[in-house]
Structure formats: structure tokens, C-alpha cells
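Can you keep this structure in mind? I'll have questions shortly.
Throughout, a chain's letter reflects where its sequence line sits, starting with A, and its residues are numbered from 1.
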Protein chains: 2
Amino acid sequence: MCGLADAATAIYVTVPLSGITKVQMADERAEMKVSLRDVAKQAGVSPMTVSRVINNAVSVRQETRERVEKVIASLGYIPNRLAQGLISQRTGTIGLIIPDVANPFFALVLRAAEITARREGYRLLVCNTEGDVGLERDYIHNLISHQVDGLIIAPVGDRSRSGLLPLIRRKYPLVLLDRSAEGIECDLVQGDSLGGAQRLVQHLIALGHRRIAMILGPDDVSTTRERYAGYCEALNTAGLPLDRDLIAETTVDLPGGYRAMQQILRLDERPSAIFAVNNMTALGAMQALREQGLSVPESVGLVCFDDVEHLAILAPFMTVVDQPAEAFGSMAAQMVLERIARRANEKPRLVRLPTKLIVRVSCGAGLGR
Amino acid sequence: MCGLADAATAIYVTVPLSGITKVQMADERAEMKVSLRDVAKQAGVSPMTVSRVINNAVSVRQETRERVEKVIASLGYIPNRLAQGLISQRTGTIGLIIPDVANPFFALVLRAAEITARREGYRLLVCNTEGDVGLERDYIHNLISHQVDGLIIAPVGDRSRSGLLPLIRRKYPLVLLDRSAEGIECDLVQGDSLGGAQRLVQHLIALGHRRIAMILGPDDVSTTRERYAGYCEALNTAGLPLDRDLIAETTVDLPGGYRAMQQILRLDERPSAIFAVNNMTALGAMQALREQGLSVPESVGLVCFDDVEHLAILAPFMTVVDQPAEAFGSMAAQMVLERIARRANEKPRLVRLPTKLIVRVSCGAGLGR
DNA sequence: TTGTAAGCGTTATCAC
DNA sequence: GTGATAACGCTTACAA
């Protein structure tokens with residue numbers, strides 16, 4: 001079992017399926033790697049002719065082409081993209097670096113980007129940073145060495161800068177997604193964090209909430225800053241004070257939200273509503289509340305940025321500011337493809353996608369507070 | 001905006017950021033591609049010495065190594081993996097083909113596989129088939145041409161066979177995940193579909209349900225067959241009749257569940273509970289129920305295979321048979337890495353991971369039916 | 001410890 | 001229409 005067993009204590013049954021016979025093993029040699037040269041030899045033509053056939057070049061006699069194609073099929077020949085890429089200087093691959101695929105927002109981004117890329121004949125090399133700047137830097141290095149034709153990155157934060165700088169210097173086709181990185185000027189697809197946060201908090205205020213807490217991420221992250229600014233602005237406009245006690249800074253993930261909520265619950269004077277900087281922190285917050293036997297929205301209101309996919313269907317519960325995740329993905333893919341197509345020195349573009357306030361019940365709407 | 005505009009009607013603002021100056025453009029030439037030869041020339045050594053340095057070979061004098069490393073850093077040299085792969089016959093890349101990244105089950109699989117692969121220095125090329133066998137076949141072809149060192153595939157179904165056959169013939173390191181494909185013998189990581197379904201339906205029966213419908217996928221999919229078998233067995237053991245009217249066959253996705261539910265709702269004699277073959281069909285079913293103004297579990301019970309991540313936290317609602325998605329991913333990655341390490345002719349292995357019945361409220365437990 | 005030559009699998013270029 | 005040759009960026013094998 002060699003290392004399998006300790007990987008997952010969860011193994012249930014391990015059964016060797018029916019074995020491979022000696023007869024089949026004899027075939028082994030026959031299925032060795034076949035290269036373009038092998039095809040050429042078999043077909044009695046030069047390698048160049050085979051190359052022309054697989055690239056659909058016009059100047060090949062129909063008869064020759066058919067003969068070559070027959071050999072290709074019979075040998076099961078598949079061109080080697082490493083060799084092709086080495087000479088053509090393009091791999092048909094785009095790197096996608098995101099903090100967490102299991103976050104529904106990024107899962108949708110990924111899917112949309114993949115679909116868009118595929119339409120243009122590109123594939124996606126996906127990397128998960130888990131919010132780790134060091135890993136992010138490693139991945140960038142890695143993807144460059146793999147000669148990806150372009151890069152879409154949802155950076156961890158401003159500290160991503162040093163890792164991104166080499167890409168800027170090389171004028172690598174690069175699109176930043178969701179978050180910006182201070183000092184990095186390149187194409188950028190963002191949501192309207194400021195406006196979205198503002199409307200969300202305004203909504204809470206309109207419902208009668210006066211003490212509104214915010215769970216936010218590190219100041220290093222642009223979306224956190226913008227959403228915090230929206231929060232402040234909404235309070236300010238309503239003439240409400242900004243109470244530092246009500247601000248809980250944490251990491252932008254589920255455990256972070258959990259911890260932040262615990263901190264908020266320790267306050268002497270608790271808030272009547274909480275605005276979480278994103279969906280994962282809201283889930284963590286929810287978990288902490290549940291453990292304390294507190295219910296939403298009866299005990300406290302809870303709203304956040306980013307919808308939690310699928311949840312809306314099962315239990316339309318959380319009031320959120322939704323972002324068009326799929327548009328983020330397809331837009332970013334499209335922009336990076338355009339950069340690849342004309343590697344020119346065009347000015348960086350900023351695309352800002354709109355948010356949508358979705359009022360459900362978690363904010364206490366309809367409770368007549 | 002050249003094609004950007006029609007991509008997403010959702011564009012909000014598009015702003016060119018501050019431009020790139022002529023002075024910076026002068027640098028452009030300086031940042032041209034640097035190769036191992038360039039480093040060698042700069043450092044006054046042969047290409048081989050540079051190669052030895054980047055591969056941490058022992059036989060390099062410390063002084064030489066440092067000199068080379070300094071040049072590497074100053075030139076920002078990054079080795080070209082295409083060239084390395086072409087000669088070493090390995091790319092450090094594993095292909096992962098799944099039907100849908102946005103399905104929480106596969107998102108977790110992906111993340112776990114990625115983490116496991118990274119620990120061993122491998123990267124993941126991720127492909128989404130959207131349940132399309134044709135696309136799946138294309139992707140397999142594609143990944144082979146990219147010279148991936150191994151492949152993890154959650155096949156669409158039995159019809160994936162012809163696409164998988166070439167891999168078997170080449171003895172490509174291959175692990176099938178979640179679903180098997182008829183006639184394909186290779187490593188396989190599966191859940192206990194039969195047992196899980198059986199326990200789930202037994203639970204419904206214990207709660208007093210007598211008319212239990214099932215939403216299932218095409219007969220082509222192994223998990224569907226096994227879960228259906230579990231359903232039949234549970235009914236049989238309890239002495240309940242198997243009513244063909246209560247079986248709705250559909251596609252294994254959200255729209256599929258939606259359609260199947262509509263079909264079930266048209267029955268003269270409706271079931272008191274429904275077993276959906278997976279989480280996505282359950283979500284679709286839920287949507288259809290909601291549109292009809294029917295509530296779960298009051299109007300009808302609804303249970304399914306696969307937990308819906310995050311949902312349990314927000315609203316512990318759906319009774320499910322949960323599968324350890326992360327174990328699926330890390331196990332599959334580990335198995336394919338082992339195949340890569342020793343490309344030997346080992347017999348195919350079957351790993352079956354256990355399921356867990358999680359009773360919540362959607363089944364009508366506690367309603368005193 | 002370091003260097004030389006050949007070649008991985010493909011294509012650009014220029015002949016024929 | 002087709003082929004010979006060099007080259008993409010690197011490493012293996014051998015020599016010095």
C-alpha cells in the first residue's frame with residue numbers, strides 16, 4: 001500500500017482488479033512513443049511533409065495527405081506540444097492563479113475563464129495560492145518556466161507586488177482579477193467594492209440598524225480597503241459614528257470570519273448587524289454565532305459581499321451584494337487573450353463590473369425592527 | 001473596445017490607467033528573453049555549468065556556482081521547462097479532467113489534488129468537460145500532446161471508454177475518479193454508492209416514507225447505476241414495491257434535477273420523499289419545488305448524495321450521504337504520482353471511500369410522520 | 001570540476 | 001509539392 005494508507009485513514013476497501021496478461025504485455029513495445037519522424041518513415045515522406053499535414057498546410061497533394069493521415073491514425077500519433085512550443089514560442093496555455101478554488105466565487109471565475117479560453121483554443125493551468133504570497137511567487141515563476149502565453153492572477157494582496165514586478169518588466173500578458181496590487185499597473189477586472197458596500201450598509205441603516213460591525217480582511221487587500229471605505233461612507237452619510245470597537249480585522253477566509261465573530265461577541269455592547277467583507281468570512285461568522293446559540297437575523301443581522309452559490313436555491317437566506325463571478329472570469333480571459341494577440345504596448349485597462357444588492361432575510365428585513 | 005463590450009453587457013466603467021512612458025519603452029530590448037546560453041556567456045562559463053547550477057548538481061565549485069547564480073539573478077533568468085521536458089521526458093504536470101469545477105464536490109477534489117500534487121512538485125492542468133464526451137476526448141488528446149506525466153479523470157460515463165482506450169494502450173499513468181468506465185481497467189477512486197444509497201433510503205423508510213421517488217442520471221454513469229441499485233435493495237428489503245413511475249431519469253446537473261422534479265410533480269399520486277442522485281440534481285429539484293410553492297420537508301422530503309458545502313453551516317437543512325471529496329482528490333493524486341514514479345505494470349487498484357449519512361431536516365426527520 | 005557534441009521533436013527557411 | 005538543413009533551449013554522455 002506504500003504511503004497510500006496514511007494518506008487517508010478513510011480507505012474502505014482496496015481491491016486489485018483483474019490483472020494484465022502476458023499477452024497484453026507483448027504489445028507494450030508496439031505502443032512506444034511515436035514521433036513525427038516515425039510517421040514520416042512509415043509514410044515514405046519527409047518529416048516536413050508530415051508537419052505540413054498536421055498543420056493543415058495547403059501545399060500538400062491530396063494523395064500524399066491521405067497517405068500520411070492514414071499512418072497517423074494507425075500509429076496513434078499525437079504531436080508533441082513541447083517541441084511545437086519550443087519553436088513557435090507559444091504553448092496555447094494560460095496560467096490562472098487564485099487564492100482558493102473551493103470558494104464559490106473563484107470556482108465560477110475559473111469555469112468561465114476556462115470556457116472562454118477554450119473557445120480560442122487555449123487551456124488553463126490552475127494554481128491555488130491559499131492566500132500565501134510565497135506560494136504565489138513560486139507559482140508565477142513556475143508558470144513562466146512553463147511558457148504560459150499569459151497570466152490571470154487574483155493576487156493575495158499588495159505584498160504580491162514583488163512577485164508581479166518581473167511580469168510587468170517582461171511585458172507579460174497579464175490581467176489582475178478582483179484585487180489590485182499597489183504599484184502594479186496592468187489590466188484589471190474588478191467589482192464595485194466601494195459602491196456595493198455602501199449600498200449594503202445603507203440598506204442595514206434603513207432597516208433601523210445603528211450599531212453595525214464590520215468583519216474585514218488585512219489592509220493589504222484592495223477589496224477590503226474599498227469595502228471598508230464604503231462602510232465608512234454609508235455611516236458617515238447617515239450621521240452615524242464610526243466605532244473602532246466594531247471593526248474586526250482578520251484573514252479573508254472561513255476561520256478568519258469565525259475568529260472575528262468571536263471577538264465581536266465578546267463586546268459589552270453588541271452590534272445589531274454585521275457586515276462581512278466576503279462570503280467565506282460570513283460563513284465563519286455564521287458558524288461562530290450558531291455555536292453560541294444565536295440565530296440570524298433574530299439575535300443579530302448578518303450580510304456580506306459575494307453570494308454563496310447554490311445556497312440561494314436551497315435556503316434564500318443571506319442578504320448579499322452579489323458580484324458577477326462568471327463575467328469576471330470570461331472578461332479576464334478575454335483581456336489576456338487580447339494582450340496575447342497583440343503584445344503591443346497598449347495602456348492598461350480597468351474593467352469594473354457592477355454589483356447587485358440581493359435582499360433576503362439575514363439582514364432582518366421585514367422583522368419590523 | 002474590440003469585442004470586449006459584447007462579452008459582458010455588465011461592463012460598468014472602463015478606464016485606461018496611467019500610461020507607459022517612452023522612457024520605459026527603451027528598456028524593452030533589455031528585457032528580451034534570456035536563455036541558459038546568455039547566462040553562460042555573461043558568467044564566462046559553458047552552458048553545461050549553468051545547467052549544473054540550476055539543477056543543483058554537486059560537481060560545481062562554490063565560487064563558480066556563486067558567480068553563475070549572480071548572473072542568473074541579475075538577468076532574471078528562468079529555465080524553460082519546454083526544453084527541459086523535451087529532453088527529460090517529464091513535465092511535472094498532471095492533467096485533471098472533471099465534469100464541473102463549480103460543483104462543490106469537484107471543487108474540493110480539485111483543491112485537494114492540487115495540494116497533494118504540489119507537495120511532490122507537480123502542477124495541475126485542469127479541464128472542464130461539462131459532461132460532454134466529445135470535449136472529454138479532445139481534452140485527453142490535448143493533455144497528452146502537452147506531455148502531462150499523468151492523468152486523473154472523472155469520466156462522463158461509459159461512453160468515455162473510446163477516449164480512454166488510447167491511454168490504457170500507452171500505459172499512461174491514469175486514475176479514474178468517482179465514476180468508472182465500462183471496459184477500462186485502471187486505478188480507481190470511488191465512493192460507496194451502493195451502500196450509501198441504501199442507508200439513505202432505509203432512513204427514509206424508517207421515518208415512515210412509503211412512496212419514495214428517485215431522480216437518477218443516465219444509465220451510462222456507474223454511480224447512477226450503483227445508487228439506483230442501493231435504492232432498489234433498500235425498498236426490496238423493506239418489502240416495498242418498486243414503482244417505475246417514481247423513477248425520473250435525467251442529466252446529473254441542476255437543470256436535470258429541475259426537469260426531473262417537474263416530471264415527478266405531474267404524477268397523480270405524488271411521493272412523500274425524493275432521493276436525488278447527487279447534490280446538483282437535488283438543488284434543481286429544490287428549485288422546481290420552490291416554484292410550485294412546495295416546501296421541504298413539509299410538502300415532501302428531499303435527500304441526496306454529496307453534501308452541499310457551506311450550506312451545512314448557513315442552514316443545516318439537507319439530509320445527505322456525504323462523500324469525503326478531499327480524500328478523493330488527494331488519494332487520486334497520490335495514486336497517479338505512484339504510477340508515475342514506477343511506471344511498472346502493477347495491477348489496477350480500486351480504492352473505495354466510505355460515505356457518511358448526515359441526517360438533517362429535509363427528510364422529514366422529527367416531523368412525526 | 002568543467003567543457004564538447006549530439007539530440008529531444010518539431011518547424012522556418014530555402015532549395016529543388 | 002516536397003525535402004534538406006538549421007534551430008528552438010536544454011540535458012545526456014562522454015571527454016578533458
Heavy atom of residues 58-65 of chain B under 4.0 Å from DNA chain C: which residues?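 Those residues are B:Ser59, B:Val60, B:Arg61, B:Thr64.
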When A:Ile153 is tested against each of A:Val175, A:Thr129, A:Leu164 for side chain to side chain contact (heavy atoms under 4.5 Å, CB included), which residue passes?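 The residue from A:Val175, A:Thr129, A:Leu164 that satisfies side chain to side chain contact (heavy atoms under 4.5 Å, CB included) with A:Ile153 turns out to be A:Leu164.
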Would you mind reporting whether B:Asp38 and B:Val71 have side-chain heavy atoms less than 4.5 Å apart?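 SC-SC contact between B:Val71 and B:Asp38 ruled out.
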Take A:Ser145 and B:Arg81, measure what side-chain hydrogen bond (donor to acceptor under 3.5 Å, both in side chains) needs, and give me the verdict at the end. CA-CA 5 Å; A:Ser145 75; B:Arg81 271 196 209 272; 3.0 Å; yes
Using a 4.0 Å cut-off to any heavy atom of chain A, which nucleotides of DNA chain D are the first and last in contact, reading 5' to 3'? D:dG1 to D:dG9
Provide the full list of salt bridge (charged side-chain N to carboxylate O under 4.0 Å, His left out) pairs with a residue in residues 125-137 of chain B, sequence neighbours left out, each pair given once.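 Output for this query lists A:Arg118-B:Glu130.
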Pairwise side chain to side chain donor-acceptor pair (under 3.5 Å) hits with a residue in residues 65-80 of chain A, at least two apart: A:Gln62-A:Glu66
Heavy-atom closest pair, residues A:Pro155 and A:Arg179: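 Where A:Pro155 meets A:Arg179 most closely, the heavy atoms are O-CD, 3.0 Å.
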With A:Met331 as reference, evaluate A:Ile152, A:Val351, A:Val109 under the side chain to side chain contact (heavy atoms under 4.5 Å, CB included) test and give the passing residue.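 For A:Met331, the side chain to side chain contact (heavy atoms under 4.5 Å, CB included) check succeeds only for A:Val351.
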Difference in axis direction between the ends of the helix from C:dT1-D:dA16 to C:dC16-D:dG1, five pairs, 10°: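 Its terminal axes enclose an angle near 30°.
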Would A:Asn142 and B:Arg123 count as a side-chain hydrogen bond (donor to acceptor under 3.5 Å, both in side chains) here? Give the steps. CA-CA 9 Å; A:Asn142 242 300; B:Arg123 278 146 304 288; 3.1 Å; yes
Any side-chain heavy atom of A:Ile94 sitting closer than 4.5 Å to one from A:Val336?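 Side chain of A:Ile94 against side chain of A:Val336, heavy atoms only: contact under 4.5 Å found.
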Check nucleotides 9-12 of chain C against the protein and report each pair of N or O atoms closer than 3.5 Å, with its distance, or say if there are none.
{"from": "C:dT10", "atom 1": "OP1", "to": "A:Tyr77", "atom 2": "OH", "distance (Å)": "2.5"}
{"from": "C:dT10", "atom 1": "OP1", "to": "A:Asn80", "atom 2": "N", "distance (Å)": "3.0"}
{"from": "C:dT10", "atom 1": "OP2", "to": "A:Leu36", "atom 2": "N", "distance (Å)": "2.4"}
{"from": "C:dT11", "atom 1": "OP1", "to": "A:Asn55", "atom 2": "ND2", "distance (Å)": "3.0"}
{"from": "C:dT11", "atom 1": "OP1", "to": "A:Gln84", "atom 2": "NE2", "distance (Å)": "3.0"}
{"from": "C:dT11", "atom 1": "OP2", "to": "A:Ser51", "atom 2": "OG", "distance (Å)": "2.5"}

Can you find a heavy atom in the side chain of B:Leu167 that is under 4.5 Å from one in the side chain of B:Leu151? yes
Side-chain heavy-atom pair B:Ile184, B:Leu176 within 4.5 angstrom cut-off: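 The answer is yes, as the side chains (C-beta and beyond) meet within the 4.5 Å cut-off.
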Taking A:Lys171 first and then A:Glu346, would you say they form a salt bridge - that is, a charged N and a carboxylate O separated by under 4.0 Å? no
